[in-house]
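The structure under discussion appears below in the form of structure tokens.
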Amino acid sequence: MADYIAFDNERALNYVAQLNEFFAPNAQLTCNEFGDGNLNLVFRIADENGNSVILKQALPYARCVGESWPLTLDRARIEAAVLEKHGAVCEPFTAKVLHKNTELALTILEDLGHMAILRGELNQATTFPNLGSQLANYLATTSFYYSDFYLTPAEKKALVCEFTNPELCAITEDLFFDDPYRTSLRNNYPATLESEVEKLQQNTELLVKVAKLKQLFLSSPQSLLHGDVHSGSIFVDAQSTKVIDPEFGFFGPIGFDLGSFIGNFLLNYCAQNARISEIPKRRQMQTYLLTTIQQVINEFAATWLSLSKAHTRDLSLQAPGYAECFVNQIIKDALGFGGTELVRRTIGLAHVSDIDGIEDDSARLQVQQQTLILGEQLILHAETTHDKESAFNLIISLVQ
């Protein structure tokens, strides 16, 4: 990209001002870069009346590592396009794109600053009654309308090409399915966890299950995924939910997004054992987390089957009972992918504040031991489930 230049506050402000789309001509604008993620620059541009937008720009490398880890700028195009596609079928729960510039690898988005990032709120034991239903709606609706059930084969194949995302998929492939299960310089865990890590890496049955999950990830373009549905990619408030940051988007197995959500809620479930000392409060929070997982699984399945009954276009896929089999397999896949999320967030490169924010070393280690075992067991036993009820029963059996 010959015209690309990384923005600073001044450049970001000037770019937005010159568009003349979002603010009055004489508005007094301010700009602040506040991105704390792994990959991008994020600016908030605001006027004196409280109006604001977010400008997000991709860097040609991973921000969390530096220029030694180069990354494609095309991820900005993919992120904006996924938001537009998902917003077209699930507008209430998808962050809105206001402007995009492929040459500069930037996107201007609605400012969701009045909402909060879900991860931080869960760490503070804040609950959201609408989250489960709204997230289930997002996951089911976006995955159905970009699947073979709804798209024609020609439409689907064209979109698969448009959303080919090899560089960011390679990151997922490495961090989810490769690094944690072998010696890797990118792995990151305390020496006190070494014996548990060695056992995991020597478990041949587990390695076969992980290989199956990786193969599914590599070769099953079921729908247009978000690709990174963790609690840091979800804005929430008491009324609504908004999903952000789909730069890892691609056509892949539907269970991956659902599994990423499940894995992150279980990470927080385990972390609360060290975060909340009062047993009644801890049980209340953990009950909320499990209930939300159950709600998402149940309502995801119900919404998917309802959409399938009403809108499936492919005649073969209308066969009685096939949609139920398809959804049951999604949920089964999701448990396995959820297990890989637990494992990789415990011993891989990218951790979560749910656990890393636990100050007591001993308490944090106990949580890490629990998440590692829980992830391993989910991977090992996911295939024993056959529907949403048995899937949730497996989760309950492993956390108790």
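With no hydrogens or angles considered, a side-chain donor-acceptor pair links N264 and E341 at under 3.5 Å. With hydrogens and angles left out, the side-chain atoms of Q329 and D333 include a donor and acceptor closer than 3.5 Å. Counted by atom type alone, Q215 and S219 present one or more donor-acceptor pairs between their side chains at under 3.5 Å. D237 and S240 share a donor-acceptor pair across their side chains, judged by distance under 3.5 Å alone. In summary, the side chains of T312 and Q318 do not present any donor paired with an acceptor at a separation below 3.5 Å, with no hydrogens or angles considered. A side-chain donor-acceptor contact under 3.5 Å links N268 and Q272. For the residue pair N40 and E79, no side-chain donor N or O sits within less than 3.5 Å of a side-chain acceptor on the partner. With 3.5 Å as the limit, one finds a donor-acceptor pair spanning the side chains of Q370 and N273. No donor-acceptor contact under 3.5 angstrom links the side chains of Q28 and E48, judged on distance only. When only modelled atom types and interatomic distance are considered, D387 and S390 share a side-chain donor-acceptor pair under 3.5 Å. Inspection of the T291 and T287 side chains reveals no N or O donor paired with an N or O acceptor under 3.5 Å.
Considering L267, I373, I379, L372 in turn, L267 is the only one that fulfils the side-chain contact (heavy atoms from CB on, under 4.5 Å) rule with L342. Considering F248, F250, F251, F176 in turn, F176 is the only one that fulfils the ring-ring contact (aromatic ring centres under 6.0 Å, His included) rule with F256.
Salt bridge absent: E376 and K199 never bring a charged side-chain N and a carboxylate O closer than 4.0 Å. Ionic pairing of R344 and D179 is not present here: no N-O contact between side-chain nitrogen and carboxylate oxygen is shorter than 4.0 angstrom.
For an aromatic pair to be called close, the ring centres must be under 6.0 Å apart, and F326 with F144 fails this. Remark: aromatic rings of F177 and Y181 are distant, center separation not under 6.0 Å.
Aromatic ring orientation, Y322 versus F149: parallel (interplanar angle below 30°, classes split at 30° and 60°). Between H226 and Y138, the ring planes lie perpendicular to each other; the angle is over 60°, past the 30° to 60° tilted range. Taking the six-membered ring where tryptophan is involved, the planes of F337 and F217 are perpendicular, since the angle between them exceeds 60° and thus also 30°. Aromatic ring pairs are classed by plane angle as parallel below 30°, tilted from 30° to 60° and perpendicular above 60°; the pair F22 and H99 is perpendicular.
M285 approaches A125 most closely through the heavy-atom pair SD-CA, 3.7 Å. Among all heavy-atom pairs drawn from I331 and A391, the shortest one is CG2-CB, 3.5 Å. Annotation for N298 and K388: closest pair OD1-CD, 3.2 Å, computed over non-hydrogen atoms. For the pair N130 and A238, the tightest heavy-atom approach, listed with the atom from each and the gap, is ND2-O, 3.2 Å. Residue Y61 comes nearest to R75 through the heavy atom pair O-NH2, 4.0 Å, listed as atom of the first residue, atom of the second, then distance. A pairwise comparison of heavy atoms in R182 and N187 identifies O-ND2, 3.1 Å as the closest pair.
We find the CG-OH distance between N101 and Y4 to be 11.0 Å, quoted to the nearest 0.5 Å. In this structure, CG on L151 lies 7.5 Å from CZ on R313, to the nearest 0.5 angstrom. One distance of note links OG1 of T107 with CD1 of I54; it measures 12.0 Å at 0.5 Å rounding. Remark: D148 CG to K156 NZ distance equals 3.0 Å, nearest 0.5 Å. With values rounded to the nearest 0.5 angstrom, T241 atom OG1 is found 11.0 Å from L112 atom CG. To the nearest 0.5 Å, the span separating CG on L225 from OG1 on T172 amounts to 10.0 Å.
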Y150 and Y146: CA distance, side-chain angles, deciding distance, side-chain contact (heavy atoms from CB on, under 4.5 Å) verdict: CA-CA 7 Å; Y150 186 78; Y146 294 101; over 6 Å; no

Audit row: T30, N9, side-chain contact (heavy atoms from CB on, under 4.5 Å) steps and yes/no: CA-CA 9 Å; T30 59; N9 284 334; over 6 Å; no

Stepwise side-chain contact (heavy atoms from CB on, under 4.5 Å) check, D257 with S143: CA-CA 9 Å; D257 277 354; S143 61; over 6 Å; no

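Each of F265 and I244 belongs to its own hydrophobic cluster when Ile, Leu, Val, Met, Phe, Trp and Tyr are linked at side-chain heavy-atom distances under 4.5 angstrom. A continuous path of Ile, Leu, Val, Met, Phe, Trp and Tyr side chains, each step under 4.5 Å between heavy atoms, connects I355 with I276, placing both in one hydrophobic cluster. The hydrophobic clustering, which links ILVMFWY residues whose side-chain heavy atoms are closer than 4.5 Å, places I45 and Y15 together. Both L335 and I396 are part of a single hydrophobic cluster, where members link through side-chain heavy atoms under 4.5 Å apart. Linking Ile, Leu, Val, Met, Phe, Trp and Tyr whenever their side-chain heavy atoms come within less than 4.5 Å puts V367 and V399 in one cluster.
Counting only distance, with no hydrogens or angles, the side chain of Q201 and the backbone of P180 share a donor-acceptor pair below 3.5 Å. No donor-acceptor pair under 3.5 Å is formed between the side chain of Q368 and the backbone N or O of L193. Within the 3.5 Å criterion, the main-chain N or O of T303 finds no donor-acceptor partner in the side chain of S306. With T385 contributing its side chain and A382 its backbone, the two residues share a donor-acceptor pair below 3.5 Å. The main-chain N or O of N51 is never found under 3.5 Å from a side-chain atom of N49 such that the two would form a donor-acceptor pair. Put simply, the side chain of Q286 gets close to the backbone of Y269: a donor and an acceptor are under 3.5 Å apart. Counting only distance, with no hydrogens or angles, the side chain of E33 and the backbone of F43 share no donor-acceptor pair below 3.5 Å.
Looking at heavy atoms from C-beta onward, Q222 lies in side-chain contact with P253 at the 4.5 angstrom threshold. Between F128 and T292 the shortest side-chain heavy-atom distance does not fall below 4.5 Å.
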